Structure formats: C-alpha cells, structure tokens
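One structure below.
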Amino acid sequence: MTRTLWAVSDLHVRAPGNLDLVREHVKPTNPADWLIVAGDIAEDLPTIERTLGLLQSRFAQVIYTPGNHEIYSRSSDAIHGRAKYDAVIASAQRLGVLTPEDPFPMFAGHTVVPLFTLYDHSWRDPTMTPTAALAAARDKGIVLMDDLAIAPYEDVILWCRERLRYSVRRLASVEGPTILVNHWPLAREAMANVRHQEIGLWSGTRHTQEWPQRYRAETVVYGHLHIPVQFSLGNVTHTEVSLGYPRERKVSLPPRLETKLWPYPVLVEEVTA
C-alpha cells in the first residue's frame, strides 16, 4: 500500500465553479495521504478557514502557505498586511494545518518546508531601479492588485527581506533532502512562459534562486503564475500546481486530470497496512 503527498495551489474558491472542482477532485486515494496547498485559496478569512477545514477533514495532514490573495485587504477591513497574515496562520493552526510558522514535517524521508517569501521587485530589467521598473510596468497597464490591497499597508520589500532572513535561519538547521513549498516561484526560469515579463516584479526575488540546490530540494512546489508547467533546473524539479481562474483552468485542467497530475503527486511512499 502507498500513501501520497499531493499538491495544489491557487484554488481561488470564490471564482465560479472552482469550489466544486476542489470538492470533486481534491481527495485522498488513501486515508494516510497528505496535501500541500501553496497559497491563494481566497481573500477573506471565513472562506480560507472553511476551505482548509474541508481539506484537513479529508487528508491525514494539510501543509499550507499563504499567497498574496490571502493578504489582500480593503481600507474598511479591521486588519491589514502582517496582521492579516498572522490571522490566516492562526486560523490554519487552529485546524491542525501546518504553516511556515510550524516545525517542518517529514514525509517519505524528505523535510517538507512551507515558505512565505513574498517578492522584492528584483526580477526586473537590471538596468532599471525598482521605482523605474514599476513605473514602466504601470505605463503599460500592468499592475497587480497587490499595489492596492497590500502595498498601502505594508513595506513589501522590507517584509520580504525579513521573511528571507527568517527562512534561511530555519533552513540552515534542516538535514537531508527537502521539498520546498512557496506560493511564489523560487527560480526566475518559472517566468519563461509569462507573456508580460513585468509581472515578475510581483512574482519572486533573486535571493531564492540558489535555494533549491543549497537546501537539497528534490522538488519545488509553487503557484502564483497560473501557468502549470514543470521544468528541471540543476537536477531539481520545479512544478507549478495551480488551478487558476475559470478561463485558465478550462484549458490547463482537463489534460492534467486525464493524466492524474492534478492534484500533483509530489512523493509516494510505501507503507505497511
């Protein structure tokens, strides 16, 4: 008998039809199966908690890291930025879901490492400053909601730097092979199929580029871009496991369902009955 570590991301369960797909397809094949959720469940706390509760009731263990959408807030909301992140984490922990703030679990001899690294606008034209690069993107009409729903309340670059330091300190104590999990891709090569390269400004940081090799990753699981591809870099497999919005998943999901690659099977382990 085997148990599997599955992975999904970018469920966006408030988008039409997405929650139905989650209910139908995100199920274990063995009660001992685990599930990774790599961010972007929804924007509001009740929906995030209900969805995590559903998944935790199905799987032996859920491992979750928030994405940018979980941190979104409006001026009328009671909490913003880091306080919103803290509230999301606390909600997940109450359910028994593991987060970037918990001890890293082991699955099939691998340490599973949920990360929350954000971005620092360093995936840009190296001849431009961050300010100039952001201005050029806006001139082209390329702006992420982050600028309206996170940036007014938080210095994202500073927060990113702090999260990088925090993550490196924790990763330094990990021995053996790892599975690195982050909402944002860790390697810039993930941007290869993105039409508007300016989106990279909100999609990662150059400081994580070498992490997969440095921390002995077998697989990097990520989301965010809604381009579910897989590529190899330095003998490490990088896999985007996003569902995405209806217009995107209508194209990307059927072939993955047919080949049993969504949810994505990250690791399979033989277990005794």
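When a residue number appears, it is its place in the shown sequence, counting from 1. Remember, predicted model here, so these are calculated numbers, not experimental data.
Closest approach of Ser252 and Leu243 over heavy atoms only: OG-O, 4.3 Å. Nearest heavy-atom pair across Pro100 and Pro66 is CD-CD, 4.3 Å. Closest approach of Thr47 and Asp44 over heavy atoms only: OG1-OD2, 2.7 Å. For the residue pair Val241 and Arg256, the shortest heavy atom distance occurs at C-NH1, 4.1 Å. In plain terms, the two heavy atoms of Leu95 and Gly53 that are nearest each other are CD1-N, 3.6 Å. The two residues Asp102 and Arg170 have their closest heavy-atom pair at O-NH2, 2.6 Å.
Counting heavy atoms from C-beta outward, Arg50 and Val13 have side chains that stay 4.5 Å or more apart. Counting heavy atoms from C-beta outward, Arg124 and Pro130 have side chains that approach closer than 4.5 Å. Residues Trp6 and Thr29 meet the side-chain proximity criterion, which asks for heavy atoms closer than 4.5 Å. Put simply, the side chain of Leu171 reaches to within 4.5 Å of the side chain of Trp211, judged on heavy atoms. For the pair Ile142 and Trp202, the minimum side-chain heavy-atom distance is below 4.5 Å. The side-chain heavy atoms of Pro185 and Trp123, taken from C-beta on, include a pair separated by under 4.5 Å. Leu164 is listed as a side-chain neighbour of Thr208, based on a closest heavy-atom distance under 4.5 Å. Using a 4.5 Å heavy-atom cutoff, the side chains of Trp34 and Pro105 are in contact.
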Problem set entry | side chain to side chain contact (heavy atoms under 4.5 Å, CB included) between Glu49 and Arg94, worked out | CA-CA 9 Å; Glu49 186 163 358; Arg94 284 194 296 270; 4.0 Å; yes
For this session: Begin with the C-alpha distance, continue with both residues' side-chain angles, and end with the deciding distance and a verdict on side chain to side chain contact (heavy atoms under 4.5 Å, CB included) for Glu218 and Thr237.
Result: CA-CA 6 Å; Glu218 181 175 296; Thr237 300; over 6 Å; no
Problem set entry | Test side chain to side chain contact (heavy atoms under 4.5 Å, CB included) applied to Ile150 and Tyr72, step by step | CA-CA 6 Å; Ile150 302 177; Tyr72 283 178; 3.7 Å; yes
For this session: Using the side chain to side chain contact (heavy atoms under 4.5 Å, CB included) rule, take Ile48 and Tyr64 through it: C-alpha gap first, then chi angles, then the decisive distance, then the call.
Result: CA-CA 11 Å; Ile48 296 166; Tyr64 164 65; 3.9 Å; yes
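Side-chain atoms of Asp10 come within 3.5 Å of backbone atoms of His224 as a donor-acceptor pair (strictly under, hydrogens ignored). No donor-acceptor pair under 3.5 Å is formed between the side chain of Arg14 and the backbone N or O of Glu43. Not a single donor-acceptor pair under 3.5 Å links the side chain of Glu70 to the backbone N or O of Thr65. The closest donor-acceptor contact from the side chain of His80 to the backbone of Arg74 lies under 3.5 Å. With hydrogens and angles ignored, the 3.5 Å screen pairs a side-chain donor or acceptor of Arg58 with a backbone N or O of Arg23. Side-chain atoms of Asp77 do not come within 3.5 Å of backbone N or O of Ile79 as any donor-acceptor pair. Listed for the Arg216 side chain is a donor-acceptor partner under 3.5 Å among the backbone atoms of Val174. Between the side chain of Gln209 and the backbone N or O of Arg188, at least one donor-acceptor pair lies under 3.5 Å. In this structure, Asn30 contributes its side chain and Thr2 its backbone to a donor-acceptor pair below 3.5 Å. Between the Tyr153 side chain and the Ser75 main chain, a donor and an acceptor come within less than 3.5 Å of each other.
Aromatic pair His226/Tyr245: centroids less than 6.0 angstrom apart. Outside the 6.0 Å centre-distance limit, the rings of Phe107 and His110 are not counted as a close aromatic pair. Taking the six-membered ring where the residue is Trp, the centroids of Tyr166 and Trp159 are separated by 6.0 Å or more.
A tilted orientation is assigned to the rings of Tyr119 and His121, their planes being inclined by 30° to 60°.
Between the CD atom in Gln213 and the CG atom in Leu186 there is a gap of 10.0 Å [rounded to 0.5 Å]. In this structure, OG in Ser203 is found 10.5 Å from OH in Tyr222, a value given to the nearest 0.5 Å. How far NE2 of His12 is from CG of Leu19: 13.5 Å, rounded to the nearest 0.5 Å. To the nearest 0.5 Å, atom CG of residue Leu180 and atom OG1 of residue Thr111 are 10.0 Å apart. Atom CG of Asp146 is separated from atom CG of Asn68 by 4.5 Å, given to the nearest 0.5 angstrom. To the nearest 0.5 Å, atom CD1 of residue Ile89 and atom NZ of residue Lys84 are 12.0 Å apart.
Salt-bridge annotation for Glu162 and Arg82: present, with a side-chain N of the basic residue lying under 4.0 Å from a carboxylate O of the acidic one. A salt bridge links Arg163 with Glu101; the closest basic N to acidic carboxylate O contact falls under 4.0 Å.
Placement of Val37 and Leu21 within a single hydrophobic cluster is found when ILVMFWY residues are connected by side-chain heavy-atom separations under 4.5 Å, directly or transitively. At a threshold of 4.5 Å between side-chain heavy atoms, the hydrophobic network of Ile, Leu, Val, Met, Phe, Trp and Tyr places Leu45 and Ile71 in two separate groups. The hydrophobic clustering, which links ILVMFWY residues whose side-chain heavy atoms are closer than 4.5 Å, places Ile179 and Val62 apart. Both Leu98 and Ile36 belong to a common hydrophobic cluster when Ile, Leu, Val, Met, Phe, Trp and Tyr are linked at side-chain heavy-atom distances under 4.5 angstrom. Phe59 and Val97 fall within a single hydrophobic cluster, where Ile, Leu, Val, Met, Phe, Trp and Tyr side chains are chained together by heavy-atom contacts under 4.5 Å.
Within 6.0 Å of the CZ atom in Arg138, the count of heavy atoms belonging to other residues, nucleotides or ligands exceeds 12. With a 6.0 Å radius and a threshold of 12 heavy atoms from other residues, nucleotides or ligands, Met145 has its CE atom at or below the threshold. Taking a 6.0 Å sphere around CG of Asp139, one finds it holds more than 12 heavy atoms contributed by other residues, nucleotides or ligands.
With sequence neighbours excluded, no residue satisfies ring-ring contact (aromatic ring centres under 6.0 Å, His included) with Phe104.
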